[in-house]
Amino acid sequence: MASIHRNPKYKQKPRSPFVLIILCLILISLLIFYFTSPYSLINSPSGSLPLSSQSVSEGSFKGFNGKDSLSERYLYWGDRIDCPGKHCDSCEGLGHQESSLRCALEEALYLKRVFVMPSRMCINPIHNEKGILHRSNGTSEERWAASSCAMDSLYDLDLISETIPVILDNSKTWYQVHSSSMKLGERGVAHVEGVSRDDLQENKFYSNVLLINRTASPLSWFMECKDRNNRSAIMLPYSFLPKMAARQLREVADEIKGLLGDYDAIHVRRGDKIKTRKDRFGVERTLHPHLDRDTRPEFIQRRISKWIPPGRTLFIASNERSPGFFSPLSTRYRLAYSSNYSNILDSVVKNNYQLFMIERLILFGAKTFVRTFKEDEMDLSLTNDPKKNTKTWHIPVYTMDGEES
């Protein structure tokens, strides 16, 4: 068989060893960067985890000064509000939890860090009548899911992020950050306890670390903001979180406000606040001695008459459960309650936290709003009793003897 002769022009020339070495070095460098980069998706323990449907989107997330998520620094206080601490196995009301959450957000704002927000908030069964809570004999995770609600069903995270960038602790960004912090050694995570926010800001070690894992006060998160009585130290007002309600809740509140038209409003806190207990002599005592009196219809009418003229529409939000309790006020005002708008609320409200957040927005929209207790010096209030007390139990007062209206 005749031999096959190859055309000399197709004969391959041996490649230069120098070129092969350069190509290998480039390939190795790319592989090292991909597998060891602090922000590589390969490091995510579960890169396929879905984002919460209303969380800050990974692609559009912008932190302080327009930075993207990969060049930010993060602050983590725990996977539940007031936990770790004595409240891990209990659940405080919405106002208590918001005080703690606001404290954590203030620290993130002060340190210019992205706050890693718990993805769920526990719902105290005392404050819930919507029937979503039940006792479960399942795992702790199942019991937690049954007694909590999604954080983004209460708050608009994009709206909050316009002031303090936040991500949820079930987001892909958080899993990336957590994984990266474990790979960066001392530059990755700093576990701090009993360190003030001033020290966290001034110490270069803390200011440069990727993630600060704050073990907050074992009492409650808001104990980290002990100087809140110093008005100059308050970075976020009490009204911040109420105004950050989820878009769906804001839309419902706006619809009801439109139906109310020109209106005034009162918030009447009774329920748990008027509880009494007997001392060792059998005498009934309470922490708020005038509250039960001041939140009864006849005393409410006397108190608000100087601020709200007769004939006005008066929206009432209250935790008083006695039917018709406020009816005596109808002789002077046109009364309105959230229950008058159940056709609007029922398709949206799944728990009483959502209902109260809608009611708060309605209260804030009133021409004249009278609170139960003063939050600020200029507030109008139904009672002069302080909201915060010194745990001193007093004998309740039910008359106006020796007092001005």
Side-chain angles (χ1 to χ4, degrees), residues 93-95 124 126-130 242 249 252-253 255-276 284 286-346 349 351-375 379-387 396-400 403-405:
L94 177 63
N124 190 316
I126 296 176
H127 300 290
N128 188 73
E129 300 172 349
K130 303 299 291 185
L249 305 184
V252 168
E255 183 176 356
I256 294 175
K257 286 190 290 184
L259 294 172
L260 284 168
D262 184 20
Y263 68 98
D264 303 302
I266 59 174
H267 178 220
V268 188
R269 182 81 179 271
R270 287 178 58 81
D272 58 313
K273 288 293 185 182
I274 60 173
K275 66 182 179 181
T276 62
E284 294 284 352
T286 180
L287 291 172
H288 306 282
H290 304 92
L291 183 62
D292 191 5
R293 179 200 69 184
D294 292 343
T295 54
R296 292 175 183 266
E298 60 270 30
F299 289 94
I300 291 176
Q301 181 170 313
R302 180 184 300 182
R303 179 83 166 188
I304 69 175
S305 62
K306 52 191 172 184
W307 304 315
I308 304 176
R312 295 279 297 169
T313 297
L314 183 65
F315 179 80
I316 301 175
S318 177
N319 61 350
E320 173 56 54
R321 298 184 180 183
S322 302
F325 182 82
F326 298 105
S327 294
L329 290 171
S330 63
T331 60
R332 190 176 180 89
Y333 303 106
R334 296 191 298 271
L335 304 185
Y337 309 89
S338 59
S339 58
N340 298 143
Y341 305 96
S342 57
N343 60 317
I344 300 174
L345 294 167
D346 286 350
V349 174
N351 57 68
N352 270 16
Y353 282 10
Q354 290 179 317
L355 176 60
F356 181 55
M357 293 185 75
I358 291 172
E359 287 183 330
R360 284 194 306 197
L361 293 172
I362 298 172
L363 294 172
F364 291 159
K367 181 178 181 179
T368 301
F369 171 32
V370 184
R371 304 173 185 269
T372 303
F373 304 97
K374 283 190 175 186
E375 298 287 348
D379 288 340
L380 304 178
S381 65
L382 296 176
T383 184
N384 292 328
D385 286 353
K387 184 177 182 180
V397 177
Y398 294 103
T399 68
M400 294 295 294
E403 296 186 42
E404 296 181 0
S405 61

Undergrad: Using 30° and 60° as the class limits, which term best fits the ring planes of H267 and F356: parallel, tilted or perpendicular?
TA: tilted
Undergrad: Taking the side chain as C-beta and beyond, is there a heavy-atom pair between D262 and K367 under 4.5 Å?
TA: yes
Undergrad: Which heavy atom of N340 sits nearest to which heavy atom of L335, and what is that distance?
TA: OD1-O, 4.3 Å
Undergrad: If only atom types and distance count, is the side chain of Y353 paired as donor or acceptor with the main-chain N or O of N124 below 3.5 Å?
TA: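 Checking the backbone N and O of N124 against the side chain of Y353, a donor-acceptor pair under 3.5 Å is found.
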Undergrad: Check whether D346 reaches the backbone of N343 with its side chain - one donor and one acceptor, N or O, closer than 3.5 Å.
TA: no
Undergrad: Can you name the side chain to side chain donor-acceptor pair (under 3.5 Å) partners of S339, sequence neighbours left out?
TA: none
Undergrad: Parallel, tilted or perpendicular: which one describes the rings of H288 and F373, with boundaries at 30° and 60°?
TA: tilted
Undergrad: Answer whether the closest heavy-atom distance between the side chains of R321 and R270 falls below 4.5 Å.
TA: no
Undergrad: What's the separation between atom CD1 in I316 and atom CZ in F325, rounded to the nearest 0.5 Å?
TA: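 I316 atom CD1 to F325 atom CZ measures 10.0 Å (nearest 0.5 Å).
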Undergrad: Should T331 and Q301 count as side-chain neighbours, where that means a heavy-atom distance under 4.5 Å?
TA: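 The answer is yes; the side chains approach within 4.5 Å.
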Undergrad: Compare all side-chain heavy atoms of V397 with those of R293 and state whether any distance is below 4.5 angstrom.
TA: yes
Undergrad: Please list, chain by chain and in numerical order, all residues satisfying side chain to side chain contact (heavy atoms under 4.5 Å, CB included) with R334, sequence neighbours excluded.
TA: T313
Undergrad: Do the side chains of L259 and I344 get nearer than 4.5 Å, heavy atoms only?
TA: yes
Undergrad: With a 4.5 Å cut-off on side-chain heavy atoms, are R332 and I308 touching?
TA: no
Undergrad: What is the minimum heavy-atom distance between S338 and L355, and which atoms define it?
TA: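 Looking at all heavy atoms of both residues, the closest pair is OG-CD1, 4.0 Å.
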Undergrad: Would a distance-only check, ignoring hydrogens and angles, find a side-chain to backbone donor-acceptor pair under 3.5 Å from T286 to K275?
TA: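 At least one qualifying donor-acceptor pair exists.
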Undergrad: For Q354, give me all partners under side chain to side chain donor-acceptor pair (under 3.5 Å), at least two apart in sequence or on another chain.
TA: none
Undergrad: Just to verify, which of I300, T368, V370, I304 counts as forming a side chain to side chain contact (heavy atoms under 4.5 Å, CB included) with L314?
TA: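 It is I304; the other options fail the test.
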